[in-house]
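Order of the sequence lines fixes the chain letters, A, B, ..., with proteins taken first and strands second; residue numbering starts at 1 for each chain.
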Amino acid sequence: MAGAQARRPKKLLRHRGARSLSCGVIAMQIFSEPILAALAGATGVSASALKLERPRDPKLGDLAFPCFLVAKERKAAPPAVAAELAATLSGKLPGITATAAGPYVNFRIERALLAREICGQVERDGAAYGSSSEGAGKTIVIDFSSPNIAKPMHIGHIRSTILGAALVRLCRKLGYKVVGINHIGDWGAQFGGLVVALRRWKSEVDLERDPVMGLLDLYQRSKAALKDDEAFRAEAVAAYQELESGREGEVRELWRWVTEVSMRGFNATYARLAISHELVRGESWYEPLLMPALERVKAAGITEISQGALVVTLGEIDKSLKETPCLLQQTNGTTLYATRDLAALFSRWEEFQFERCLYVVGGEQKLHFRQLKGVLKRMGCDWEARVEHIDFGLLLGPGKKKIASRKRGEVLVLDDLLDEVSEAALAVIDAKNPELANKHKVADEVGLGALVFNDLKRERVKDVIFDTAEILSFEGDTGPYLQYTHARLASILRKAAANKDAALGAQPDWSVLETAGEILVALGRYGDVVRSAAAKAEPSELSQYLLALARDVSTWVSSSDNRVLGSAGPDGAARLALVRCSKSVLGNGLQLLGVAAPEEM
RNA sequence: GCGCCCGUAGCUCAGUUGGAUAGAGCAGCGGAUUUCUAAUCCGCUGGUCGGUGGUUCGAGUCCACCCGGGCGCGCCA
């Protein structure tokens with residue numbers, strides 16, 4: 001499938017695990033549980049049926065209970081119910097005040113209590129904060145990145161790679177065993193053309209210094225020749241047949257060499273991105289499984305011949321697929337894309353019995369995955385719902401033109417882009433913090449952080465306009481902003497330690513965190529955010545959360561009222577704890593996204 | 001033509017899965033610096049949530065239709 005874009009650029013399913021427990025947060029459960037219990041007592045409705053939410057304006061309170069449903073049941077006005085509930089609950093919940101505001105009862109947790117509980121939890125759990133055991137004993141398979149050999153990785157691969165890697169970490173955080181699979185495009189008729197191009201023009205390109213770029217050149221020439229040159233085409237077909245036969249010889253040798261050279265290139269890029277897969281399995285790996293897979297579908301009795309091809313019709317399970325049956329075998333007997341993915345799916349199900357199998361592939365392949373799932377459904381595979389296409393929007397260039405289109409020759413090589421962002425970050429460091437140690441390492445981390453976060457900050461389905469200027473701007477809603485906030489917090493902690501600040505040994509006076517309520521509530525919500533992001537396969541939820549947290553923390557830290565160092569011991573101790581916890585959660589979240597969190601920048 | 005997705009401030013996007021007065025960043029304007037890192041912080045300006053109907057206590061969110069943009073649609077992957 002080297003001819004196409006690699007598997008690139010949602011479909012939210014109902015996940016059993018995603019069913020949220022009313023308000024949710026483990027850290028916040030300490031507060032939400034007694035509130036829900038009290039509400040249940042006051043309303044006569046079971047606690048599990050009641051829902052707490054976040055007030056629109058945090059000034060109103062930390063948790064809110066909308067009274068509409070209870071009011072309906074009682075045939076009363078919501079504000080009256082709210083007032084009554086607030087009065088009933090008042091004084092019943094230690095450390096929590098209930099206030100009626102219109103149709104809501106808002107709950108406000110005493111700041112000192114909130115701070116002590118949340119900070120205690122964050123510090124106790126350390127790096128494990130936000131994790132859970134919901135995935136214990138369960139496996140999630142994630143197919144991501146999946147470039148095609150004979151071509152360098154280019155910006156067209158970046159979204160699947162970055163999204164997939166983030167999903168791997170998110171799922172792992174929840175205790176799942178995660179198997180990342182790189183489904184390398186190393187098979188297909190186009191390799192016949194490449195082999196012939198190698199025979200004919202090998203000497204005309206530089207395969208020594210930069211084999212991948214040389215191969216790209218040959219690949220593009222072969223595509224042109226396949227179109228225009230009859231003899232070339234015939235030779236290419238023969239070469240592919242030779243490859244498919246499995247016989248050792250020149251063709252097989254060449255294919256192996258191309259694969260090896262390409263994988264070396266990919267691995268170098270993955271190393272820079274700190275990304276790895278548990279399994280690297282090219283399409284060729286599934287080759288022996290193709291016919292058995294086809295037989296399996298046939299045996300289910302759902303196939304038919306249509307215009308000479310073997311198809312599975314899908315109209316009966318989904319009307320919108322009426323006109324688009326799934327093709328499994330061409331008239332000439334060869335298998336197709338869907339056959340390969342079906343074979344891969346069967347193999348993966350048998351090997352892993354996965355809880356979920358995620359395909360991080362572009363939205364333009366939506367039909368393909370709907371068809372695959374349609375076939376599974378018709379076959380009666382009860383695990384069909386576990387297969388999810390994690391789709392994402394297109395990568396657009398200036399003028400909203402699709403970038404890295406298969407028709408265009410020019411590609412923006414991923415390595416070049418990595419160099420560019422890293423250089424830009426270095427320039428900023430030289431301007432802002434020229435004394436910084438490890439400049440180059442930090443520049444790599446910041447540049448890469450900008451690139452990665454850019455791809456994870458918005459909803460997957462949204463198309464992304466590739467704008468270098470935007471990526472290279474390190475201000476505002478960017479990865480470097482988060483890194484910077486983290487580094488500032490790190491700096492405070494460093495100085496406290498170096499100065500032997502009076503706060504270090506002191507017993508914290510949590511009441512000084514009166515103005516940090518929003519930060520504390522946010523810290524308490526972290527685990528829920530991680531869970532939701534993983535369940536929906538939507539890392540942007542975590543990104544948006546981190547941005548909001550960093551903004552609140554920056555505001556708090558910037559205020560002279562909250563000076564940490566040099567304040568009285570108990571005050572300083574509480575503030576230091578907030579700094580530690582904020583830094584910890586920011587760093588934790590960044591790590592999950594795949595953005596480094598340097599201590600200094 | 002058919003199917004799927006998207007449409008929120010000048011630009012790029014959030015909006016807690018039907019709830020309170022729709023929020024950020026960028027851009028623009030004005031402030032804060034003997035800085036616990038100014039890659040920052042504060043303030044101002046900026047909105048018929050594409051349109052019209054509907055569902056109900058309540059709609060940016062759900063439904064129908066329409067408009068605009070995108071992707072896809074049998075022997076490619």
Side-chain angles (χ1 to χ4, degrees), chain A residues 1-7 9-10 12 20 53-57 60 64 66 68 71-72 77-78 101-104 106 148 185 187-190 283 306-311 319-332 334 336-338 340 362-368 370 391 393-394 396 400 402 406 425 428-429 431-433 446 457-459 461-465 467 470 473-478 480-481 483-485 487-496 499 501 525 528 532 536 540-541 544 547-548 551 554-555 557-559 562-566 575 579 600-601:
Chain A
M1 80 185 226
Q5 187 60 67
R7 306 189 122 165
K10 126 202 157 187
L12 306 190
S20 69
E53 46 187 60
R54 279 190 292 150
R56 183 165 285 283
D57 183 351
L60 293 167
F68 303 100
K72 192 171 192 176
Y104 292 86
N106 291 318
N148 300 319
W187 205 250
Q190 66 282 354
E283 294 185 303
S306 166
Q307 299 167 35
L310 187 77
V311 308
K319 269 181 263 170
S320 67
L321 292 176
K322 197 160 179 247
E323 308 292 328
T324 48
C326 183
L327 266 78
L328 293 177
Q329 197 173 28
Q330 304 186 67
T331 311
N332 67 11
T334 55
L336 287 154
Y337 187 39
R340 296 195 189 156
E364 64 267 31
Q365 292 195 35
K366 231 181 239 184
L367 177 59
H368 168 69
R370 287 178 66 207
D391 67 339
L394 261 42
L396 304 173
K400 301 210 173 188
K402 191 174 169 184
R406 58 183 83 171
V428 176
I429 292 171
K432 311 232 179 215
N433 193 2
V446 172
K457 76 174 171 188
R458 55 206 132 208
E459 232 187 334
V461 278
K462 293 262 173 20
D463 289 344
V464 171
I465 295 171
D467 182 351
E470 194 195 330
S473 135
F474 300 148
E475 293 170 13
D477 284 351
T478 65
Y481 170 68
Q483 294 173 313
Y484 182 72
T485 308
R488 282 177 73 189
L489 299 177
S491 173
I492 294 174
L493 299 177
R494 218 166 31 240
K495 287 191 174 161
N499 301 346
D501 195 276
R525 266 185 350 109
D528 251 10
S532 176
K536 295 181 194 159
S540 68
E541 289 192 1
Q544 294 294 335
L547 282 173
R551 238 178 270 128
S554 291
T555 299
V557 161
S558 300
S559 163
N562 301 318
R563 215 176 147 85
V564 178
L565 300 179
R575 291 181 182 137
V579 168
E600 282 183 82
M601 63 185 272

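Across all their heavy atoms, A:Tyr481 and A:Ser554 have their closest contact at OH-OG, 3.5 Å. The shortest heavy-atom contact between A:Thr331 and A:Gln307 is OG1-O, 3.9 Å. Nearest heavy-atom pair across A:Ala338 and A:His368 is CA-CE1, 3.7 Å.
Using a 4.0 Å heavy-atom distance criterion, A:Lys462 is classed as a sugar-phosphate-only contact. Here A:Thr478 lies out of heavy-atom contact (under 4.0 Å) with every strand. Within the nucleic acid shown, A:Ala431 has no heavy atom closer than 4.0 Å to any nucleic acid atom. Looking at heavy-atom distances under 4.0 Å, A:Asn106 makes contact with a base. When heavy atoms are screened at a 4.0 angstrom cut-off, A:Asn562 is found touching base atoms of the nucleic acid. Residue A:Ala496 is out of contact with every strand shown, counting any heavy-atom pair closer than 4.0 Å. Within the nucleic acid shown, A:Val579 has no heavy atom closer than 4.0 Å to any nucleic acid atom. As judged by a 4.0 angstrom heavy-atom cut-off over every strand, A:Leu60 is placed among the base-contacting residues. Contacts of A:Pro103 with the nucleic acid, taken as non-hydrogen atoms under 4.0 Å apart, are absent. Residue contacts for A:Ile429: at a heavy-atom cut-off of 4.0 Å it reaches a base atom on one of the strands shown. A:Leu336 comes within 4.0 angstrom of sugar-phosphate atoms only, judged by non-hydrogen atoms across all strands, and of no base. At the heavy-atom level, A:Leu367 lies under 4.0 Å from the strands shown only through sugar-phosphate atoms.
With a cut-off of 3.5 Å on both pairing distances, B:rA20 has no Watson-Crick or G-U wobble partner at all. In this structure B:rC76 sits in no base pair that meets the Watson-Crick or G-U test at under 3.5 Å. Look at B:rG58: it lacks any Watson-Crick or wobble partner with both distances under 3.5 angstrom. Look at B:rU34: it lacks any Watson-Crick or wobble partner with both distances under 3.5 angstrom. With a cut-off of 3.5 Å on both pairing distances, the Watson-Crick or G-U wobble partner of B:rA64 is B:rU52. Pairing partner, B:rG3: B:rC71, with both Watson-Crick or wobble hydrogen-bond distances short of 3.5 Å. Shown here, B:rU45 forms no base pair; nothing in the strands shown gives a Watson-Crick or G-U wobble contact with both key distances under 3.5 Å.
When the P atom is used for both B:rU48 and B:rG60, the distance is 14 Å, rounded to whole Å. B:rU52 and B:rC67 are spaced 11 Å apart, taking the C1' atom of each and rounding to whole Å. The gap from the P atom of B:rU56 to that of B:rC63 amounts to 16 Å, rounded to the nearest Å. Atom C1' of B:rC13 sits at a distance of 14 Å from the matching atom of B:rA22, rounded to the whole Å. Of the C1' atoms belonging to B:rG28 and B:rG46, the separation is 10 Å, rounded to the nearest Å. Separation of the P atoms belonging to B:rC65 and B:rC5 is 13 Å when rounded to the nearest angstrom.
Side-chain nitrogen and oxygen atoms of A:Lys457 include none within less than 4.0 Å of the OP1 or OP2 phosphate oxygen of B:rA24. Proximity of A:Ser558 to the phosphate of B:rC42: no side-chain N or O atom is located under 4.0 Å from OP1 or OP2. For A:Tyr481 and B:rC41, the shortest distance from a side-chain N or O to OP1 or OP2 is below 4.0 Å. Between A:Arg563 and B:rC36, a side-chain N or O to OP1/OP2 separation shorter than 4.0 Å is present.
At least one donor-acceptor pair under 3.5 Å links the side chain of A:Thr555 to the backbone N or O of A:Arg551. A donor-acceptor distance shorter than 3.5 angstrom exists from the side chain of A:Asn433 to the backbone of A:Met601, with no hydrogens or angles considered.
A:Val557 pairs in a side chain to side chain contact (heavy atoms under 4.5 Å, CB included) with only one of the listed residues (A:Leu489, A:Thr485, A:Asn562), which is A:Leu489. Here the rule is side chain to side chain contact (heavy atoms under 4.5 Å, CB included) with A:Leu493, and of A:Leu565, A:Val564, A:Asp501, A:Val579 only A:Val579 fits it.
A:Ser540 and A:Glu459 share no side-chain donor-acceptor pair at under 3.5 Å.
Out of B:rA39, B:rA20, B:rU40, the shortest distance to the side chain of A:Arg488 is found at B:rU40. Nearest nucleotide to the A:Ser320 side chain, out of B:rC36, B:rA24, B:rG3: B:rG3. The side chain of A:Ser554 has B:rU40 as its nearest neighbour among B:rA24, B:rC73, B:rU40. Between B:rC5, B:rA39, B:rA20, one nucleotide has an atom nearer to the side chain of A:Lys366 than all others, and that is B:rC5. Nearest to the side chain of A:Leu394, among B:rG70, B:rG72, B:rC57, sits B:rG70. Taking the side chain of A:Leu327 as heavy atoms from C-beta on, and the options B:rG74, B:rG60, B:rC4, the nearest nucleotide is B:rG74. Relative to the side chain of A:Thr555, the nucleotides B:rC42, B:rG74, B:rC6 differ in distance, and B:rC42 lies closest. When distances run from any side-chain atom of A:Asp463 to the nucleotides B:rG70, B:rC73, B:rA14, the shortest one goes to B:rG70. Among the nucleotides B:rC36, B:rC6, B:rG72, the one closest to any side-chain atom of A:Lys495 is B:rC36. Closest to the side chain of A:Glu323, from the set B:rC13, B:rC2, B:rC71, is B:rC2.
Atom NZ in A:Lys319 sits about 11 Å away from atom P in B:rC4, given to the nearest Å. In this entry the distance linking CD of A:Glu541 with C1' of B:rA24 reads 17 Å, nearest Å. Atom CZ in A:Phe474 sits roughly 9 Å away from atom C1' in B:rA39 (whole-Å rounding). To the nearest angstrom, P of B:rG15 lies 6 Å from CD of A:Glu459. Rounded to whole angstrom, the span from the CZ atom of A:Arg575 across to the C1' atom of B:rC36 amounts to 12 Å. Look at CG on A:Asp57: it is 12 Å from P on B:rA22, rounded to the nearest Å. Whole-Å rounding puts the A:Leu396 CG to B:rU12 C1' distance at 13 Å. Between A:Asp477 atom CG and B:rU12 atom C1' there is a gap of 9 Å when expressed in whole angstrom units.
Nearest-nucleotide mapping onto RNA chain B: of A:Pro66 and A:Leu493, the residue sitting toward the 5' end is A:Pro66. Take the nearest nucleotide of RNA chain B for A:Gly102 and for A:Pro78: the residue whose nucleotide is more 5' is A:Gly102.
With a glycosidic angle further than 90° from 0, B:rG70 counts as anti.
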field: From CA spacing to verdict: side-chain contact (heavy atoms from CB on, under 4.5 Å), A:Arg488, A:Ser558
entry: CA-CA 10 Å; A:Arg488 282 177 73 189; A:Ser558 300; 3.7 Å; yes
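Distance CD/A:Glu600 to CD/A:Gln483: 14.0 Å, rounded to 0.5 Å.
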